[in-house]
4 protein chains.
Amino acid sequence: MRAAIAGASGYAGGELLRLLLGHPELEIGALTAASSAGSRLGAHQPHLPQLADRVIDDTTADVLAGHDVVFLALPHGHSAAVAAQLGAETIVVDCGADHRLTDPAAWQEFYGGDHAGTWPYGLPELPGQRDVLRGATRIAVPGCYPTSVLLALFPAFAAGLAGPDVVVVAATGTSGAGKALKPNLLGSEVMGSVSAYGVGGVHRHTPEMEQGLSAVAGTPVRVSFTPMLAPMSRGILATCAAPAAPGLTKESLRAAYEVALKDEPFVRLLPEGVWPATAMTYGANTAALQVTLDERAGRVVAVIAIDNLTKGTAGGAIQSVNLALGLPEELGLPVTGVAP
Amino acid sequence: MRAAIAGASGYAGGELLRLLLGHPELEIGALTAASSAGSRLGAHQPHLPQLADRVIDDTTADVLAGHDVVFLALPHGHSAAVAAQLGAETIVVDCGADHRLTDPAAWQEFYGGDHAGTWPYGLPELPGQRDVLRGATRIAVPGCYPTSVLLALFPAFAAGLAGPDVVVVAATGTSGAGKALKPNLLGSEVMGSVSAYGVGGVHRHTPEMEQGLSAVAGTPVRVSFTPMLAPMSRGILATCAAPAAPGLTKESLRAAYEVALKDEPFVRLLPEGVWPATAMTYGANTAALQVTLDERAGRVVAVIAIDNLTKGTAGGAIQSVNLALGLPEELGLPVTGVAP
Amino acid sequence: MRAAIAGASGYAGGELLRLLLGHPELEIGALTAASSAGSRLGAHQPHLPQLADRVIDDTTADVLAGHDVVFLALPHGHSAAVAAQLGAETIVVDCGADHRLTDPAAWQEFYGGDHAGTWPYGLPELPGQRDVLRGATRIAVPGCYPTSVLLALFPAFAAGLAGPDVVVVAATGTSGAGKALKPNLLGSEVMGSVSAYGVGGVHRHTPEMEQGLSAVAGTPVRVSFTPMLAPMSRGILATCAAPAAPGLTKESLRAAYEVALKDEPFVRLLPEGVWPATAMTYGANTAALQVTLDERAGRVVAVIAIDNLTKGTAGGAIQSVNLALGLPEELGLPVTGVAP
Amino acid sequence: MRAAIAGASGYAGGELLRLLLGHPELEIGALTAASSAGSRLGAHQPHLPQLADRVIDDTTADVLAGHDVVFLALPHGHSAAVAAQLGAETIVVDCGADHRLTDPAAWQEFYGGDHAGTWPYGLPELPGQRDVLRGATRIAVPGCYPTSVLLALFPAFAAGLAGPDVVVVAATGTSGAGKALKPNLLGSEVMGSVSAYGVGGVHRHTPEMEQGLSAVAGTPVRVSFTPMLAPMSRGILATCAAPAAPGLTKESLRAAYEVALKDEPFVRLLPEGVWPATAMTYGANTAALQVTLDERAGRVVAVIAIDNLTKGTAGGAIQSVNLALGLPEELGLPVTGVAP
């Protein structure tokens, strides 16, 4: 089977290619981009020597047609038009935001403009979601932050152990912002500095977190979300603090997580007392998770580490595609990270 | 006037020396340490060439006696015994934790052993605290995290704009952990990685935050605190989310902060829309602060950046000493950071 | 076939395990160490979840016996005694320095004590070396710096294009120093700083570079080598400047490199005008190489990037083992790096 | 006395402002820039709160006129035209390259176009240079790399201890490249990676190094120079290897350096056995220097650390201005670095 990648010169595109080079059932087909069309991939992804001489095409339906899978790693607002031109039998995977939200009003508030519609949400670990993804031909890859937060808290909400007033603070590496040439993303600005951005309920991933947690909880959940930029290229570390249900104990909390995660191939509940570091998951499709009960403050505190480009984008996308294609879910996805 | 530094070979000691070298009224006297006694300072603080050939003495009351000011940058549990041997007229400044907490039970719970007693708390910005510090001869320098959190939230609590269920998540640079030779502090482990530690209400700075906020609020405040280690040497970025008082607006929130901070020399409320980065305060005694109202989640969200070694330790200590000595509060303290 | 790893809790051991987890013909057998014996691997290598519960044994011949391949990632001076107790048919791979040098006097000068003897040198790219390694049962893995320098310069010396007065300056990431708890390896010291060490012809890898280059050149080559520690976990970037042969042109220099490297699976001559970055090879068994002629200064300047733990240690070791076992040389070795 | 800064929104401009804020005799006058004219300084230099509300003017002679000192931190090719419009009595300091080279042919080869003429070279440490700078009204600030290399090697060449075939490899932080929005300067690309650039005798600082060393040596000196970009914001670490004069000993080499540097306020010969780290000089106008004799390779190896923005640009500029104004050379210049 052949896969095309639109947006091949960016960070998400590069990570898709890195993973697909190790995937036994998906062959790399067309590579497309916008401003870098016409150049060789090696100029943009020098870590992928096998593909260095591949020429990047323009992102058009003609070039993308005829593939079994099309990954769209495009800025938001561009996926729907491309997808509409691809056959219904083609598996189209939107790594952007266009098809994640179910509520058009939330789309309008956070992104503006018309909502492009909702596609099956590519987070297999959510209750019941594997059934949705098997055989799907359209997949909305979750945002990197929502991936981390939903994995960290779904076991608590699914078991009724957490209340709806959630506070999340998450640090991300700079690749989450893509290759955009912005002054605040320069190495000189980023190194040696942690900064906050998108504070006060305005980050676009906020409604996506609320949507996912509310669905699991069966009741509306509110998230106060603050993202931070940390001096590293990859990785998200999210701290998620939710009110503890009355009478909750540490033991029952951990037991709920153990039950919820025991068969998950990519979500790892760490041994008690060990807290996540993003280095545990660098380049891997793995989440490293720990949870405890803060009895003083009455909060469930779950901390999770993922690689924003792997489990948070490209790896998560391929995991869902594996399900859609009827392949083993774990096929071609690294479990080991690169450390130190 | 002459100042002695106990713990001169560590990071806090080095920062005290760096600042004292630029202080017009305080001359550097004895330098002492424990395991590095007998060696030259240059082996430990190669960024301070003027002091390179100074020999480090053992930390004894004899060596420290006869100074106008004695800074103790020692592990917790060591300050009380030293201070007891120094004259009552000597200004003794404890950069450690021994004399910060007012509640012996909190000391017992978080540190263990007997409480050494409470000294005037060296955070001049807290309401009424400058009067406490003027003429004081014993000063407890706040912890670096509590410095950041108290500065970020005291205007809200002082004005009755925030409720008591606070969530704080803060990232710190590695110097906060000192020069201890622990595997998790090796460069190979730290670089490229953000990690959590002390999660779930167990970090020792938690009761200190609660003590300070409760005093300002006039009612008990609970803090769910999660610290993170970020890949940088210096800096704290703290996100503080407190429930918003009913009816609070963004405008009234900002107005309260502007009033509370308008005369503060070292706490800077950033222009609206600008969020703090630790690089703004690198090497400076400055805090960079921003606050907003998350209307969706009903929370006041204040984000603050400080340099953990400067405003968070050594600079804050000298600021309080300036008050104790009747000197201008800002004397010898850098307002500008080093960037990029 | 089964492989044992002695030194499994260190950085080289961890990288061997990471790569062996993806090797189709080598199964991971015993894991041993010294001070961390008795603990679980997960405490030391949290990026390898599949092996987290494996218990580390003491490094003894009994534990290591019965494996087809034994990797020794031990401090220098420890390999010979272990190897002597393992059967002659066992492939013993010394990732340390004990068996690299052919000249006992050089060993004595740089390491001290008796020389343990010379084993086949595990750098398959050197002229004729693949024949030496096929069927070998003892392999000395090159030092990480010599790997980089020999790959960068052997094409020039093999073609007689460079003279013997070589200057090499190389920056390495901190993992090259291992997990030793030394103050200068703390994150606080390393981040934001480049430093020199082992300057003036005293670094132990110097005679190894000279040995390899002299053998290729057929005449004694001297290397002035200066290593630097850079604020990154992995990677070596080596700049190698050798006197240009009289009459050398850029074109003939590049042609010689193209000929020498055209069939090398792991050494990549970059397109003209592109210079190496260590990020091109992060986690890969690849070297990224560029060469030019500095006509003003009369020097061949070759710059090379490798990952010190992969091509520089563990990947290079497995590459040689593949040859020794009669397997395809590239088996199980990643060509793609992880970037950004 | 009042100083204007042209290029106030860039990194060199920011460092000039940081230092001038602490200079007792120079008051900050006009701030000008090109594309950021009209904005407030706080948007570009958030670490300088005192100047946050200052509005940046266009860079015109009208705005710059009437100051005692004008610092030009402009791209090369822009200084001559501005300087021509300023009075001869104004001290004009070119932080760019326009007036450093004495040889128009070298200018033409490395920069292209017409040479703007040569100004007094602002490196007071060079033999006889203080006399040149006292009373000067035009000053060419050296390049950051030449500053490091000339300081590292002038004692050897002045004493006739080194030969003319010099190899220099230097790592710099990203601020050396300025705030230009180039993909290779993004944090994601820079962090965790060391890369080479400008290899093979093509970097523009090469003829400047040769000019300075040749003048000291009294004979033509050739430099093979390779720069590297390291993952840090500030700092240069340069390794300089020059052929040792026949019969040179370590003792006589060190003695020559001790003599040459004994009265230098900003160049520090480290104790024997201690090698420089850029962290020793972070934010300081100091150079940290060490030298040894590599007897095997027959080379003098000098390693030096400076802060590229302080001693390498803004601090060096102010040091020369102090001389030009008849002020104490060290006035307002920090000797202590900020570490860790």
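Note that the structure is a prediction, hence the values are computed from the model and not measured. Values below: all heavy atoms of this structure, side chains included; hydrogens, waters and symmetry mates excluded. The chains referred to below are lettered A, B, ... by the order of the sequence lines, with proteins before strands, and numbering in each begins at 1.
- Annotation: maximal heavy-atom pairing with chain D below 4.5 Å, among C/Pro231, C/Ser188, C/Ala297, occurs at C/Pro231.
- With respect to chain C, the highest number of heavy-atom pairs below 4.5 Å among D/Val166, D/Thr239, D/Val190 belongs to D/Thr239.
- Within the 4.5 angstrom heavy-atom criterion, only side-chain atoms of D/Glu210, from C-beta onward, approach chain C.
- A salt bridge is defined here as a Lys NZ or Arg NE, NH1 or NH2 lying under 4.0 Å from an Asp or Glu carboxylate O, and D/Lys250 with D/Glu272 fails to meet this definition.
- A tilted orientation is assigned to the rings of C/His115 and C/Trp107, their planes being inclined by 30° to 60°.
- Contacts of D/Val167 with chain C are made by side-chain atoms alone, with heavy-atom separations under 4.5 Å and no backbone atom involved.
- Of the listed residues (D/Thr292, D/Val301, D/Leu237), the greatest number of heavy-atom pairs within a distance under 4.5 Å of chain C belongs to D/Leu237.
- Looking only at distances, no side-chain donor or acceptor of D/Thr172 sits under 3.5 Å from a matching main-chain atom of D/Ile236.
- Of the residues considered (C/Ala279, C/Ala288, C/Ala339), C/Ala279 shows the highest number of contacts with chain D, using heavy-atom pairs under 4.5 Å.
- Under a 3.5 Å cut-off, the side chain of D/His47 and the backbone N or O of D/Arg18 do not form any donor-acceptor pair.
- In terms of non-hydrogen atom pairs under 4.5 Å with chain D, the most contact-rich of C/Gly192, C/Gly235, C/Gly298 is C/Gly192.
- Taken from SG in C/Cys144 to CD in C/Glu208, the straight-line distance is 9.0 Å, to the nearest 0.5 Å.
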Apply side chain to side chain contact (heavy atoms under 4.5 Å, CB included) to residues C/Arg254 and C/Leu269 and explain how you reach the verdict. CA-CA 9 Å; C/Arg254 185 164 183 96; C/Leu269 185 63; 3.8 Å; yes

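- The aromatic rings of D/Tyr145 and D/Tyr197 sit tilted relative to each other, their planes meeting at an angle between 30° and 60°.
- Proximity to chain D is limited to the side chain of C/Met228, based on heavy atoms less than 4.5 angstrom apart.
- The candidate with the highest count of non-hydrogen atom pairs below 4.5 Å against chain C, out of D/Leu229, D/Leu186, D/Asp294, D/Asp165, is D/Asp294.
- Heavy atoms closer than 4.5 Å to chain C are found nowhere in D/Ala305, neither backbone nor side chain.
- Comparing D/Gly198, D/Gly200, D/Ser233, D/Pro340 by how many heavy-atom pairs each has under 4.5 Å with chain C, the most go to D/Gly200.
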Do D/Thr310 and D/Thr281 pass the side chain to side chain contact (heavy atoms under 4.5 Å, CB included) test, and can you show the C-alpha distance, the side-chain angles, and the key distance before you say yes or no? CA-CA 9 Å; D/Thr310 321; D/Thr281 66; over 6 Å; no

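- Using a 4.0 Å cut-off between charged nitrogen and carboxylate oxygen, D/Glu109 and C/Arg296 count as a salt-bridge pair.
- Among the candidates D/Ser193, D/Pro164, D/Gly201, the residue making the largest number of heavy-atom pairs closer than 4.5 Å to chain C is D/Ser193.
- In terms of modelled atom types and a separation under 3.5 Å, the side chain of C/Glu189 and the main chain of C/Pro183 share no donor-acceptor contact.
- Interface remark: of the candidates C/Val303, C/Thr226, C/Asn184, C/Val199, C/Val199 forms the most heavy-atom pairs closer than 4.5 Å to chain D.
- Looking at C/Ser195, the atoms closer than 4.5 Å to chain D (heavy atoms on both sides) sit in the backbone and in the side chain alike.
- Using a 4.5 Å cut-off between heavy atoms, C/Val194 contacts chain D through both its backbone and its side chain.
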